[in-house]
Asks: 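First the structure, then my questions, so here it is.
Numbers here are sequence positions counted from 1. Bear in mind that the values here come from a model prediction, so they are computed numbers and not experimental data. Below, each value reflects all heavy atoms present in this structure, side chains not excepted, and no hydrogens, waters or symmetry copies. Every number for a ligand or one of its atoms is a count from 1 in the order of the listing.
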Amino acid sequence: MRATVMYGAGDVRVEEVPDPVIEEPTDAVVRVVRTCVCGSDLHPYHTMPASGQGTPMGHEFLGVVEELGSGAAGLKRGDLVVASFAFQDNTCDFCREGVQTSCRHGGFFNTAQAEFVRVPQAAGTLVTLPVEEDSPLLPSLLTLADVYGTGYHAARRATVNPRTTVTVIGDGAVGLLAVLSARQLGAERIILMGRHKARTDLGIEFGATDVVAERGEEGIARVRELTGGDGTHAVLEAVGYREAYEQALGVVRPGGVISRVGVPQYDEAPIGWGLFGGNLTLTGGPAPVRAYIDELLPGVLDGTVEPGKVFDRTVGLDEVPDGYRAMDRREALKVLVQP
Ligand SMILES: [Zn+2]
């Protein structure tokens with residue numbers, strides 16, 4: 001089959017690799033119908049040391065079950081399914097406690113930008129979708145694999161509700177879907193920090209009430225000005241750079257919550273008086289999106305929300321390297337791939 005392999009920063013290729021096969025009874029093999037490029041794929045795209053070996057790429061996909069191991073209960077060949085970006089049994093103690101990304105039998109996908117994917121723990125990972133393979137809902141359904149669930153996780157971890165004011169830092173797909181999620185959870189005041197107008201316009205469509213294009217101290221001052229000097233109860237950080245964390249500290253209201261879902265590209269950041277003094281909570285992490293799929297699916301199916309609007313370009317598998325380039329240059333917000 002054809003699959004995406006990264007050989008170093010800026011070097012993405014699509015090449016022939018062996019077809020995946022069932023290795024464990026709990027496995028399935030899925031034919032990929034839609035996959036996509038993630039903002040987090042851009043981190044290795046910037047920093048990966050060149051290697052002759054290459055690393056397969058991709059963790060978001062939906063597709064059709066082609067083969068099933070004897071222990072993959074509840075699924076059948078031909079099912080159209082979406083997978084969470086982490087696989088899990090969805091039965092162990094961590095899974096039952098809602099941290100499926102720490103599953104005792106779990107792990108993360110990294111081979112989804114391909115024609116087929118081997119799915120470990122298929123019964124706990126794949127969710128059957130009640131639509132056809134040509135449904136116009138596929139882009140929105142694909143966001144359940146990661147970006148929608150991740151934005152939702154940021155909002156849930158921050159206990160967003162109708163009484164909370166919210167700042168979202170970042171106008172990538174996750175930030176925009178954090179806006180959508182905060183709105184779904186009832187927040188009425190949502191300040192979106194981002195400076196790409198096409199993206200912040202979509203943020204407004206998703207429910208943002210204010211847009212702050214300034215960054216750093218200027219951005220902090222602007223959010224404070226909009227909130228009577230106090231900042232917001234919840235800050236959803238969907239970037240991952242230390243500057244974004246510092247911005248979060250600057251705009252959170254005393255007693256508030258900073259919820260991070262941008263993969264941190266730093267190990268050190270201030271946690272002294274700035275965090276302690278305001279009785280702030282710092283939370284967030286890799287989103288256990290499997291925990292949210294059942295909850296978010298109905299709104300996608302009935303059209304209440306259209307998270308698939310974050311996709312603004314579609315390519316075939318052979319054009320995936322162009323997709324990375326377009327996202328890296330900010331020419332595309334999120335690239336959908338139709339193998
Ligand atoms: Zn588990």
Asks: What residues form a ring pair (Phe, Tyr, Trp, His ring centres under 6.0 Å) with His59, not counting sequence neighbours?
Replies: Phe85
Asks: What protein N/O/S atoms are found closer than 2.8 Å to the Zn ion (ligand 1)?
Replies: Asp89 OD1, Cys92 SG, Cys95 SG, Cys103 SG
Asks: Specify the closest pair of heavy atoms between Val33 and Leu138, including all atoms of both residues, with the distance to one decimal.
Replies: CG1-CD1, 3.9 Å
Asks: Using ring pair (Phe, Tyr, Trp, His ring centres under 6.0 Å) as the criterion, list what pairs up with Tyr292, not counting sequence neighbours.
Replies: Tyr152, His153
Asks: A cation-pi test, strictly: NZ or CZ of Arg13 under 6.0 Å from the centre of the six-membered ring of Tyr7 and no more than 45 degrees from its axis. Yes or no?
Replies: yes
Asks: Any donor-acceptor pair under 3.5 Å linking the side chain of Asp11 with the backbone of Gly8?
Replies: no
Asks: Return the set of residues passing ring pair (Phe, Tyr, Trp, His ring centres under 6.0 Å) with Phe61 (not counting sequence neighbours), or none when no residue passes.
Replies: Phe109
